[in-house]
Q: 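Mind looking over this structure? Questions follow.
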Amino acid sequence: MTRLRAFAQPIGAAAVALAASAALLALIGADPLEAFRALVSGALGDAIALENTIVRMGPLLLVGLGVAIAFRCGIWNIGGEGQLYVGALAATALVTRGPGLGSGAVALPLVLLVGAGAGALWAGIAAALRVRRGVSEVLSTILLNFVAVLAVAWAVHGPLQEASGAYPQSDALPELARLAILPGLRRVHAGLVLAVVLPFAVWLLIFRSSAGLRLRSVGLSPDAARYAGVSPERETTRVLLISGALAGLAGALEICGVTGRLFENLASGYGFTAVAVALLARLSPLGVLPAAFFFAALATGSGAMQRVAAVPSVAVQVIEALVILFSVGFAMPKSRTS
Amino acid sequence: MDAATLLLGLSTLRLATPLALAAMGELVAERAGVLNVGIEGMMLGGALAAFSVGAATGSLLAGCAAGIAAGLALAALFAYFVLRRGADPIVAGTALNVLALGLTGVVFRSLNPAGSALARAPQMGEIAPALNLYLLVAIALVAGVAFYLGRTRSGLALRAVGERAEAAHVQGVNVLRIRLGAVLFGGACAGLAGSSLVLWISDTFVEGMTSGRGFIALSLVLFGGYRPLRIVAGALLFGAASALQYRLQAASSAIPYNLLLMTPYLLTLLVLALLAGRVRAPADLARPFEPRD
């Protein structure tokens, strides 16, 4: 029964949110049916649409995974956006301004590691502020988002701007730092394989290792965990570092696999969508897979919705927010998500 | 005092006012035990409503009232999910922010299709900025909140609800009603603050124009130690920092503009790092309450 409900509730929440969004669309004078038809065909209608959705799923999956494990430990990491930006920034800086990277076999893992490390460092600021100074990570991670987005804007107007100086963007990454496109496909890159494997690895970590048990014990009760010899401070730091590393990796993968260069507004809203992903997944590392796919489809289809049904693409944020509200307000009533 | 210093001072007051307004609302909500992370969204909703109604009617008061109403409506939604459905306030607040960002985007774009000339909202303050209505309202609000929380029976009950909801309940205080009232008040203040962004600081609406002011107001409550006058001092500090930053942007190109824009966020982080650990929040802040009998 509970197993069935675990599947039924997120789907119910998504369905109610879609219905509420349809009502809103009707209210502003759009045809909801036409809008949703455009949304679905724009996201899943043909091979290209489906590939676009899968490409978009990568960062949502990784950032959402990081958010989910942090929530499980009782930590509100709302800074996925900033951590992703910093990961992308560090990866770009290394490739376009760093020393020679040698061969592709060395370069790519190095670039991805640097992206993940930068994301971890960024989240580490929030961890240090929380553990040493008692600053709530809700505020610090949100504030750090703004700083990271501005740092990218500064970098592409300044030190990382392309040599020609024409646009506020970095130079294109050289071929050896680009992720290969999977054979027979147009956009799906090798990094997505990593993105899809990581939830399984994180599931093993969380549910099949003693380190994961320690993390979860802090989420369930910090006092009991402390009594059992687990340091909530150390676990807080650890989970924020992992969470930030996943988001930073997402940023590096975007640069090396999708965009090929850094620019402003690289991924606006991914951080918040990732919160929706984690909640719809009910904080389950594996549940993040379908949840990320769902939100990726929404995001990919929103462009088509705007073109065909003249519904502004930002309407997708309304759907996202309603999914969050309905999934915490109805699917998980009367309980803390941690 | 020379003219430049005077202008800087006026600019400080102008930029501090929305922060102080939003922070007073948040203070009351938090003192009642409800952490409202959604004030950023409520400010944004207030800004769009003030712009739309202000531009359509040409009336400052109508625009202002619309801003308050929008803040109230979003706060009611937040209250339903948090107080009624037991949703976590941080999650619900985050969702509310995304909702407001999306909703204001949809409404704004359908009101102003690309290419159409943007309407301008009426503006107050160009004539006599120092005697601005918003400033007067903010001063009255700070005095009123300080008096209410510190000197009235009802304010005492509200604080009791934030500190020990269970005990207040046993004494016959209606915890949920007080929390609802506090959240609605906070939403109205946030909406008013949002309206001031349009009707005083800029005369148009830009998507996402609150740009973190709600979160800064939230931080102000914390590092003002939940005391109205210290929160105002914090708002003035931020107003001054923002005013200086705009001045620097205009005066020199030596420091890149994007780095200057970081200052309010970095300053907030710095002050939080210095003070947050020493502040004692209301004991029952962000704890759900369910009357058992």
Side-chain angles (χ1 to χ4, degrees), chain A residues 24-25 28-30 71 76 78 125 128-129 132-136 138-140 142-147 149-155 157-158 264 268-269 272-273 275-276 279 310-330 332-338, chain B residues 35 37 40-41 77-78 80-82 84-88 90-111 113 207-208 211-212 214-216 218-219 222 256-262 264-266 268-269 272-279 281 288 290:
Chain A
L24 276 171
L25 289 180
I28 62 161
F71 280 16
W76 303 103
I78 315 198
I125 301 174
L129 284 172
R132 289 172 190 260
R133 313 295 316 179
V135 177
S136 155
V138 176
L139 284 173
S140 61
I142 289 176
L143 291 165
L144 285 166
N145 281 343
F146 290 100
V147 178
V149 170
L150 287 165
V152 167
W154 162 72
H157 281 100
E264 284 181 81
S268 88
F272 289 116
T273 309
V275 173
L279 290 170
V311 171
S313 56
V314 283
V316 162
Q317 287 174 315
V318 176
I319 304 178
E320 276 171 17
L322 291 175
V323 170
I324 302 185
L325 285 174
F326 288 118
S327 60
V328 294
F330 290 91
M332 301 194 243
K334 315 290 181 210
S335 73
R336 308 268 309 194
T337 42
S338 56
Chain B
L35 182 67
V37 182
E40 175 89 4
L77 190 67
F78 176 80
Y80 172 72
F81 279 102
V82 172
R84 253 307 164 74
R85 304 295 316 176
D88 189 284
I90 295 171
V91 172
T94 305
L96 198 86
N97 290 331
V98 178
L99 182 73
L101 203 59
L103 265 183
T104 52
V106 171
V107 173
F108 180 65
R109 288 186 207 181
S110 63
L111 289 178
E207 282 180 48
S211 57
F215 301 118
I216 291 177
L218 205 63
S219 312
L222 196 65
Y257 144 83
N258 287 306
L259 293 186
L260 282 174
L261 285 181
M262 281 181 198
Y265 312 110
L266 291 176
T268 311
L269 281 168
L272 280 176
L274 291 175
L275 295 178
R278 292 199 212 142
V279 171
E290 269 180 82

Q: Which bit of A/S313 is near chain B, if near means a heavy-atom gap under 4.5 Å: side chain, backbone, both or neither?
A: both
Q: Which region of A/V138, side chain (C-beta onward) or backbone (N, CA, C, O), has a non-hydrogen atom less than 4.5 Å from a non-hydrogen atom of chain B, or is it both or neither?
A: side chain
Q: Quick one: CG on A/L325 to CZ on B/F78, what's the gap to the nearest 0.5 Å?
A: 10.0 Å
Q: How far apart are the C-alpha atoms of B/D88 and A/V328, what are their side-chain angles, what is the distance that settles it, and do they pass the side chain to side chain contact (heavy atoms under 4.5 Å, CB included) test?
A: CA-CA 7 Å; B/D88 189 284; A/V328 294; over 6 Å; no
Q: Can you tell me which portion of B/L35 sits under 4.5 Å from chain A's heavy atoms? Options are side chain, backbone, both or neither.
A: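 Looking at B/L35, nothing touches chain A.
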Q: Measure A/A276 against the heavy atoms of chain B and call it side chain, backbone, both or neither at under 4.5 Å.
A: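 When you check distances to chain B, no heavy atom of A/A276 falls under 4.5 Å.
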Q: Roughly how far apart are A/F146 CZ and B/L269 CG, rounded to 0.5 Å?
A: 11.5 Å
Q: Checking B/S219 now: which residues fulfil side chain to side chain contact (heavy atoms under 4.5 Å, CB included) with it, not counting sequence neighbours?
A: A/L139, A/L143, B/F223, B/T268, B/L272
Q: Give, for atom CG of A/L150 and atom OH of B/Y265, the distance between the pair rounded to the nearest 0.5 Å.
A: 6.5 Å
Q: Heavy-atom distance under 4.5 Å between the side chains of A/P312 and B/E207, does that happen here?
A: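 SC-SC contact between A/P312 and B/E207 ruled out.
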Q: Where does B/Y257 contact chain A at under 4.5 Å (heavy atoms): side chain, backbone, both or neither?
A: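 Neither the backbone nor the side chain of B/Y257 comes within 4.5 Å of chain A.
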Q: Heavy-atom cut-off 4.5 Å, strictly under: side chain, backbone, both or neither for B/F81 against chain A?
A: side chain
Q: Side-chain donor-acceptor pairs under 3.5 Å in residues 91-102 of chain B, sequence neighbours left out?
A:
residue: B/T94; atom: OG1; partner: B/I90; partner atom: O; Å: 2.7
residue: B/N97; atom: OD1; partner: B/G41; partner atom: N; Å: 2.7
residue: B/N97; atom: ND2; partner: B/V37; partner atom: O; Å: 3.0
residue: B/N97; atom: ND2; partner: B/G93; partner atom: O; Å: 3.3

Q: I'd like to verify something: which residue of A/V275, A/I319, A/V147 has the highest number of heavy-atom pairs under 4.5 Å with chain B?
A: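 Most heavy-atom pairs under 4.5 Å with chain B: A/V147.
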Q: Check each atom of A/I78 against the heavy atoms of chain B and say whether the ones under 4.5 Å are side chain, backbone, both or neither.
A: side chain
Q: Against chain A, work out which of B/L259, B/L222, B/I216, B/L103 has the most heavy-atom pairs shorter than 4.5 Å and name it.
A: B/L259
